[in-house]
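Have a look at the structure below before the remarks.
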There are 4 protein chains.
Amino acid sequence: MDGEPRTKAALIEAAIHMFQQKGFQLTRVSDIVSAAGVSQGTFYNYFKSKEEIFRDICNEFISQLQTLFIERTEHLFDGDTIEEIVSNVHKIVRDVIRIYQENLAVAELLFREGIGNGGLFKQIYEDILTIFLALIEEQVKKARSRGLVRMDDPEVASVLLFGLFERGLFYFMLIRRNTDLERLEQAMVDFILNALSFDFEAKLTPHVHE
Amino acid sequence: MDGEPRTKAALIEAAIHMFQQKGFQLTRVSDIVSAAGVSQGTFYNYFKSKEEIFRDICNEFISQLQTLFIERTEHLFDGDTIEEIVSNVHKIVRDVIRIYQENLAVAELLFREGIGNGGLFKQIYEDILTIFLALIEEQVKKARSRGLVRMDDPEVASVLLFGLFERGLFYFMLIRRNTDLERLEQAMVDFILNALSFDFEAKLTPHVHE
Amino acid sequence: MDGEPRTKAALIEAAIHMFQQKGFQLTRVSDIVSAAGVSQGTFYNYFKSKEEIFRDICNEFISQLQTLFIERTEHLFDGDTIEEIVSNVHKIVRDVIRIYQENLAVAELLFREGIGNGGLFKQIYEDILTIFLALIEEQVKKARSRGLVRMDDPEVASVLLFGLFERGLFYFMLIRRNTDLERLEQAMVDFILNALSFDFEAKLTPHVHE
Amino acid sequence: MDGEPRTKAALIEAAIHMFQQKGFQLTRVSDIVSAAGVSQGTFYNYFKSKEEIFRDICNEFISQLQTLFIERTEHLFDGDTIEEIVSNVHKIVRDVIRIYQENLAVAELLFREGIGNGGLFKQIYEDILTIFLALIEEQVKKARSRGLVRMDDPEVASVLLFGLFERGLFYFMLIRRNTDLERLEQAMVDFILNALSFDFEAKLTPHVHE
DNA sequence: AATGAATGAGAATTCATTCAT
DNA sequence: CATGAATGAATTCTCATTCAT
């Protein structure tokens with residue numbers, strides 16, 4: 001019913017590109033279709049409106065990110081040695097950086113546009129927040145229960161962690177653009193672990209893996 | 001040449017309100033003038049365009065914030081005892097929260113709209129970043145030079161600090177709205193000091209006040 | 001050349017239905033084809049345009065109505081007694097009502113749409129008028145020549161007769177919908193015969209049947 | 001709030017003209033504004049949509065017609081002699097013809113467009129019907145109660161009267177165009193009075209004028 | 001004969017901005 | 001200074017029709 005998958009894909013790719021460049025409001029459907037090499041009318045065979053294609057793109061990215069995030073955090077603090085745990089933290093930071101990098105266009109799109117637009121997409125952004133804050137908070141609590149971090153206020157901590165991740169990646173990957181990602185990874189891990197009062201000397205209590 | 005200051009003030013106030021509610025793109029000049037109780041034409045006696053009033057509002061807020069920030073950070077790490085310094089940090093965090101709170105509407109406006117809009121206001125946002133990152137970085141370096149914090153990468157640290165401040169305040173003051181600000185202050189100070197590996201036991205070297 | 005008669009019939013039926021429901025202008029070719037259960041392209045194997053199918057439908061109905069009308073009016077005023085003639089009038093009124101009822105959808109379609117549409121179908125409607133006015137006028141004149149009615153102005157009379165028939169049926173069958181058709185028939189016959197100054201006492205002159 | 005009355009009047013006049021010529025659906029807003037000599041945008045300072053201006057035009061005509069009709073029917077059958085009453089009937093028929101003629105464009109517009117358009121304006125047309133049928137029926141009943149007409153079914157009679165008026169005027173004034181209106185008036189009065197079995201010999205019962 | 005994706009001309013409507021009063 | 005009517009470029013979306021498969 002939605003016709004040629006190649007046409008649809010071309011429209012999506014073009015839309016991501018244009019939205020990233022000019023923003024949602026300033027991107028014209030005519031920009032998208034001419035970038036995709038199809039006619040104006042064709043757009044409406046695949047999407048009900050400009051809003052719909054935007055929403056589709058965001059949702060696709062979010063669910064990808066969410067899946068990966070869940071997978072990578074599952075055993076984040078399950079390691080039996082401090083080294084293992086620190087290595088896990090490194091891994092997840094590296095992965096998030098990578099995912100962000102692989103989806104740079106959509107990520108920028110989402111974090112730029114998802115916020116503004118007079119609340120047109122407020123919901124989308126707030127949904128992401130809710131999802132990720134819950135996932136982060138869960139990990140912080142787990143780490144605390146294993147005595148790995150001292151942290152009186154996991155809720156605030158989660159928000160601050162989210163904020164530093166989001167803005168940090170945003171800044172280095174989209175504004176500065178030319179960063180040494182290894183250095184960024186290292187600095188982020190240090191910053192985060194310190195921020196959470198991570199106990200590098202902790203004697204780990206035996207941990208039962210579910 | 002710009003006539004009645006009250007008319008101008010009314011337009012600015014109305015614009016802040018409307019921009020905050022509907023976003024820049026979705027706010028109509030007609031919304032602003034009717035909220036201000038003047039006619040459509042009058043708007044153009046005071047502002048060249050919708051863009052100009054937005055820029056004016058942002059610049060006003062930024063320079064206010066900047067002035068205050070400079071003033072409060074001037075002697076941030078100059079204290080002679082650890083207690084004094086920690087108290088300074090508390091004070092500045094509290095002040096930033098307060099400034100943010102006093103200018104909630106503009107702050108939201110800026111951090112929502114300044115980012116998106118297809119880079120229409122990219123410059124504004126990046127200017128703010130540059131200003132604040134420089135100020136933050138300066139303090140981080142000073143603290144490091146006094147041996148108060150260990151911090152290998154002050155640039156990354158500044159960015160992350162900026163990010164956690166911005167998103168943290170954004171979240172608690174604009175999305176959650178009902179937060180206990182004292183608790184937020186406490187949690188932020190802890191988080192920040194830990195993140196920077198603040199040395200609570202440091203033996204302060206005598207410090208020459210300029 | 002016109003392929004499957006069943007496909008064509010399905011398209012016509014669907015078109016009548018949709019035109020009746022939404023009007024010509026507001027009916028989409030997509031409405032017709034999906035009601036007919038065929039694809040968009042198929043439509044154009046059978047009809048050159050949306051206009052053509054509309055015209056076809058109208059013409060079909062008109063020629064049916066015309067055939068029946070000619071047949072029923074042929075000996076309308078040929079009866080040898082007043083009773084016979086009045087009965088003929090009753091019969092034709094009843095038949096017209098019946099034809100109208102049997103083709104309600106097309107009739108509505110025609111009398112609603114055939115008139116408006118910026119004269120797109122003005123011609124169709126005016127053709128019908130011409131045909132029927134001629135037929136009616138012929139009967140009126142015949143009746144007058146046999147001394148059955150006094151009627152100074154047969155042309156005006158025909159128009160008024162046409163008008164009262166059309167609007168009357170339109171009103172009772174399409175707007176009121178729930179009318180007692182026997183009562184309508186009786187009232188129409190009375191009204192018409194009186195209007196034409198029908199002479200219920202007339203002494204009929206012998207009539208030569210052609 | 002609706003600005004220059006002259007601009008509005010020009011738009012209305014232009015709209016009537018265009019609607020009459022091309023019909024509602026086929027008239028473009030651009031046709032109207034260029035006929036009115038204003039810009040496209042100006043139209044929307046005065047009317048919310050193309051539909052609104054159409055509705056406004058219809059309502060204006062209807063209320064005019066209604067007012068006049070009520071006024072002229074008030075004492076229609078109040079006369080003390082048959083001659084007086086017949087003269088009243090003549091007068092009202094003449095007046096309706098005149099009103100119709102004075103508003104030819106709108107009348108055509110209404111009776112063409114008010115019917116079709118997929119029921120878009122069905123309501124308008126049915127409202128008119130309701131109003132006029134009630135007024136006509138009231139007169140028919142009054143005439144019957146004074147013994148002036150025999151008429152078993154005043155409801156049907158009203159509908160038929162309305163139909164013959166509407167279609168008759170429509171035909172002679174809009175299709176034939178070149179009619180002798182005096183002859184039309186005479187024929188209509190005859191037709192109507194006969195149709196209602198008007199008793200030209202009636203001995204009027206004294207009538208109390210309210 | 002049937003399909004349905006692609007087309008693109010064309011429509012209504014919006015709104016920042018101008019300018020005569 | 002204030003006004004608000006006029007402007008018209010710009011934009012989204014529709015839909016009859018075509019045509020390669």
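So that the names make sense, note that chain A is the first sequence line, chain B the second, and so on, each numbered from 1. Any value given below was found using the heavy atoms of this structure, including those in side chains, with hydrogens, waters and symmetry copies removed.
Residue B/Glu13 places its CD atom among 12 or fewer non-hydrogen atoms of other residues, nucleotides or ligands, all under 6.0 Å distant.
Backbone-only contact: C/Thr27 has heavy atoms under 4.0 Å from sugar-phosphate atoms and none from a base. Within the nucleic acid shown, D/Lys50 comes within 4.0 Å of sugar-phosphate atoms alone, with no base atom in reach, counting heavy atoms only.
Here F/dA6 is the nucleotide among F/dA16, F/dT3, F/dA6 with the atom lying nearest to any side-chain atom of D/Asn45. For C/Gln40, the side-chain atoms get nearest to F/dA16 when compared with the rest of F/dA16, F/dA2, E/dT18. Of all nucleotides listed (F/dA6, E/dA5, F/dA2), F/dA6 comes nearest to the side chain of D/Thr42. The side chain of C/Ser39 lies closest to E/dT3 when the candidates are F/dA5, E/dT3, E/dA6.
Where A/Ser49 and B/Gly37 each meet DNA chain F at their nearest nucleotide, the meeting point lying more 5' is that of B/Gly37. Residue whose closest nucleotide on DNA chain F sits further toward the 5' end, between B/Val38 and D/Thr7: B/Val38.
Base pairing of F/dA9: its partner is E/dT14, meeting the Watson-Crick or G-U wobble criterion (both donor-acceptor distances under 3.5 Å). With a 3.5 Å ceiling on both atom-pair distances, the Watson-Crick or G-U wobble partner of E/dA20 is F/dT3.
Taking the six-membered ring where tryptophan is involved, the planes of A/Phe19 and A/Phe24 are tilted, since the angle between them lies from 30° to 60°.
In this structure, A/Phe43 places its CZ atom 11 Å from P of F/dT14, rounding to the nearest Å. Between B/Met18 atom CE and E/dC15 atom P the separation is 12 Å, expressed in whole Å. Between A/Arg28 atom CZ and E/dT14 atom C1' the separation is 12 Å, expressed in whole Å. Between the P atom of E/dA16 and the OH atom of B/Tyr44 lies a distance of 6 Å, rounded to the nearest Å. Nucleotide E/dC15 holds its P atom 13 Å from the CZ atom of B/Phe24, rounded to whole Å. Remark: C1' of E/dC15 and CG of B/Asp31 are 11 Å apart, rounded to the nearest angstrom. Atom-to-atom, CD of C/Gln25 to P of F/dT14 comes out at 17 Å; the value is rounded to the nearest Å. Rounded to whole Å, atom P of E/dT17 lies 14 Å from atom CG of B/Leu11.
Considering only side-chain N and O atoms, C/Tyr46 lies under 4.0 angstrom from the phosphate OP1 or OP2 of E/dA2.
Residues B/Asp56 and B/Glu60 form no side-chain contact, since every pair of their non-hydrogen atoms from C-beta on lies 4.5 Å or further apart.
B/Arg55 and B/Glu51 are joined by a salt bridge, as a carboxylate oxygen and a charged side-chain nitrogen come within less than 4.0 angstrom of each other.
Distance alone, capped at 3.5 Å, is enough to place a donor-acceptor pair between the C/Lys50 side chain and the C/Thr27 backbone.
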